[in-house]
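One structure is given here, and the rest of the page talks about it.
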Amino acid sequence: MADATLHIVTTQAELLGRLQGGYLGRACVRVTAAPDGVALPRYVAQSRPDVVIVGGKLAPARERELADAVRATAPGGLLLRAVPFGATAPRDAAAFDHVVADDELEDALAALLPASLAGPARLGARVPVRLPALLCSPLGATVPATTVDLSADGAGLRAERPVPRGTVLTVVFHRPDGRRVGVCGEVVWVVPAAQGARIGLRFVDEGEASLRALRDLAFWEIAGEGAAATMRLYGNLDGTQDLSGLAAAALDVRRVDLDGVVAVTTAGLAAWLRFLRALPPGVVLRLSHVPAPLAAALRRAADLDGRCRLVSCYVAWACLACELEVSELVLPDGAAARPRCPACDGRMRPVHASGEMKAVRPTASA
């Protein structure tokens with residue numbers, strides 16, 4: 001395919017069919033399969049793909065052996081391990097860049113790959129989300145769905161059953177805290193899945209006000225009630241959000257969980273610091289699962305006047321020799337022992353200068 005901008009190689013015919021029949025297969029992307037795992041390194045050496053996806057069952061020793069062989073032939077590509085939905089992660093997960101459920105493979109690729117590689121069919125960059133929705137047809141039928149990615153032009157959803165392509169729907173996005181936003185959208189593609197279907201939706205004649213409200217809805221929600229109520233944040237902290245929408249709710253809740261934030265940019269750090277500095281005197285927000293770059297920025301900021309308290313945060317460690325990064329969830333109550341690299345057993349270095357805290361639970365982000 002001469003105009004392909006991205007080449008994906010997988011080891012499973014099932015994964016091949018899923019990717020070729022999904023969004024990536026219709027964009028300027030070429031998806032092929034190696035004959036089997038044994039032939040994968042040779043196939044990769046010949047085709048030089050951008051992404052290699054290893055599927056199926058492998059013995060633990062074979063995981064590392066195959067990963068090392070693929071990296072030796074395509075050191076600059078993205079190496080993924082696809083496992084059945086709900087299965088235990090492989091013992092040697094650090095051998096791969098990411099481990100994803102095979103049923104969520106396309107969602108993971110949409111989040112990991114640059115928007116420029118996704119071809120012309122996708123008009124805007126998508127942000128991964130988990131937002132409940134109801135697909136309401138003009139005939140009154142309602143199909144429950146979950147939004148998996150969102151942009152200014154449309155959304156990708158997992159629906160409980162297929163909806164015909166070309167159907168114009170009223171889509172009601174909602175949160176358990178009662179907030180909801182309704183928009184009009186057209187179904188532009190449908191891919192059957194193991195349970196229900198994947199659906200691509202293009203917004204129809206939606207104004208900036210409704211799209212701004214939808215972004216706000218996707219960004220945060222209030223979970224729990226009373227003293228246990230917590231504000232949870234999702235998606236990218238990139239400076240594009242209107243943080244004034246969550247200010248009033250944060251004053252009532254005083255607890256913010258950032259575990260759903262998947263990426264933080266410099267603009268997002270600056271916007272969050274401005275948000276904290278604008279809080280009324282005496283208001284203290286308890287922040288948990290704070291991403292590593294934001295936690296480092298909060299410790300460096302000397303003018304917050306105690307407006308926030310880090311209940312828990314992530315610290316990023318890197319092995320320069322293996323080009324491997326690992327994150328640990330830590331409590332702010334002491335110095336952390338520098339962890340060892342899971343690949344070479346060498347001591348790792350903190351990615352951020354202030355990453356000196358006690359580790360309580362490791363989570364790999366390699």
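Residue numbers start at 1 and run along the sequence shown. Note that these values count all heavy atoms, side chains included, but never hydrogens, waters or copies made by symmetry.
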Any link between [X] and [Y] through a network of hydrophobic side chains (Ile, Leu, Val, Met, Phe, Trp, Tyr) touching at under 4.5 Å?
{"X": "Val187", "Y": "Val183", "result": "yes"}
{"X": "Leu211", "Y": "Val129", "result": "yes"}
{"X": "Val253", "Y": "Val256", "result": "yes"}
{"X": "Val172", "Y": "Leu135", "result": "no"}
{"X": "Val283", "Y": "Ile222", "result": "yes"}

Would you please name every residue forming a side chain to side chain contact (heavy atoms under 4.5 Å, CB included) with [X], sequence neighbours left out?
{"X": "Asp68", "answer": "Arg64"}
{"X": "Ser288", "answer": "Asp257, Val311, Ser312"}
{"X": "Ser210", "answer": "Glu206"}
{"X": "Leu269", "answer": "Val264, Leu294, Ala297"}

Given side chains that start at C-beta, do those of [X] and [Y] come closer than 4.5 Å, heavy atoms only?
{"X": "Val168", "Y": "Pro138", "result": "no"}
{"X": "Leu237", "Y": "Phe219", "result": "yes"}
{"X": "Asp259", "Y": "Tyr314", "result": "yes"}
{"X": "Leu273", "Y": "Leu298", "result": "yes"}
{"X": "Leu157", "Y": "Leu201", "result": "yes"}
{"X": "Pro49", "Y": "Val44", "result": "yes"}
{"X": "Leu169", "Y": "Val143", "result": "no"}
{"X": "Arg299", "Y": "Leu310", "result": "yes"}

Run the salt bridge (Lys or Arg N to Asp or Glu O under 4.0 Å) test against [X] and tell me which residues pass, sequence neighbours left out.
{"X": "Arg161", "answer": "none"}
{"X": "Glu65", "answer": "Arg62"}
{"X": "Arg215", "answer": "Glu208"}

Does anything in [range] form a ring pair (Phe, Tyr, Trp, His ring centres under 6.0 Å)? List the pairs, not counting sequence neighbours.
{"range": "residues 221-253", "value": "none"}
{"range": "residues 238-271", "value": "none"}
{"range": "residues 136-160", "value": "none"}

Polar side-chain atom of [X] near backbone of [Y] as donor-acceptor pair, under 3.5 Å:
{"X": "Thr11", "Y": "Gly55", "value": "yes"}
{"X": "Arg158", "Y": "Arg198", "value": "no"}
{"X": "Asp50", "Y": "His7", "value": "yes"}
{"X": "Arg307", "Y": "Leu279", "value": "yes"}

Can you name the nearest heavy-atom pair linking [X] to [Y], along with the distance?
{"X": "Ser151", "Y": "Phe203", "value": "O-CE1, 3.5 Å"}
{"X": "Ala250", "Y": "Leu285", "value": "O-CD2, 3.7 Å"}
{"X": "Ala197", "Y": "Pro162", "value": "CB-CA, 3.8 Å"}
{"X": "Met231", "Y": "Trp220", "value": "CE-CE3, 3.8 Å"}
{"X": "Val290", "Y": "Ala295", "value": "CG1-N, 3.6 Å"}
{"X": "Val190", "Y": "Pro164", "value": "CG2-C, 4.5 Å"}

From [X] atom [atom1] to [Y] atom [atom2], the distance as rounded to the nearest 0.5 Å:
{"X": "Glu221", "Y": "Leu131", "atom1": "CD", "atom2": "CG", "answer": "8.5 Å"}
{"X": "Asp238", "Y": "Thr266", "atom1": "CG", "atom2": "OG1", "answer": "11.0 Å"}
{"X": "Cys308", "Y": "Leu276", "atom1": "SG", "atom2": "CG", "answer": "5.0 Å"}
{"X": "Leu214", "Y": "Leu150", "atom1": "CG", "atom2": "CG", "answer": "4.5 Å"}
{"X": "Leu287", "Y": "Leu233", "atom1": "CG", "atom2": "CG", "answer": "9.0 Å"}
{"X": "Arg232", "Y": "Arg255", "atom1": "CZ", "atom2": "CZ", "answer": "12.0 Å"}

**OP:** Any pair with a residue in residues 174-185 that passes side-chain hydrogen bond (donor to acceptor under 3.5 Å, both in side chains), sequence neighbours left out, goes on the list, sorted by first then second residue, please.
**Re:** Asp177-Arg179
Subject >> Those residues that, when tested against Trp272, pass ring pair (Phe, Tyr, Trp, His ring centres under 6.0 Å) (two or more places apart) >> reply: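 Trp272 satisfies ring pair (Phe, Tyr, Trp, His ring centres under 6.0 Å) with Phe275 only.
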**OP:** Run the numbers on Thr265 and Asn236 for side chain to side chain contact (heavy atoms under 4.5 Å, CB included), then give the verdict.
**Re:** CA-CA 8 Å; Thr265 67; Asn236 295 342; over 6 Å; no
Original post:
In terms of heavy-atom contacts, does CZ of Arg277 have more than 12 from other residues, nucleotides or ligands at under 6.0 Å?
Top reply: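 Counting other residues, nucleotides and ligands, CZ of Arg277 exceeds 12 neighbours.
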Original post:
Can you tell me if CZ on Arg130 sees more than 12 non-hydrogen neighbours from other groups inside 6.0 Å?
Top reply: yes
**OP:** Show your working on side chain to side chain contact (heavy atoms under 4.5 Å, CB included) between Val100 and Ile53 and close with a plain yes or no.
**Re:** CA-CA 10 Å; Val100 299; Ile53 303 170; over 6 Å; no
Original post:
Do you know which of Val83, Leu80, Val54 makes side chain to side chain contact (heavy atoms under 4.5 Å, CB included) with Val99?
Top reply: Val83
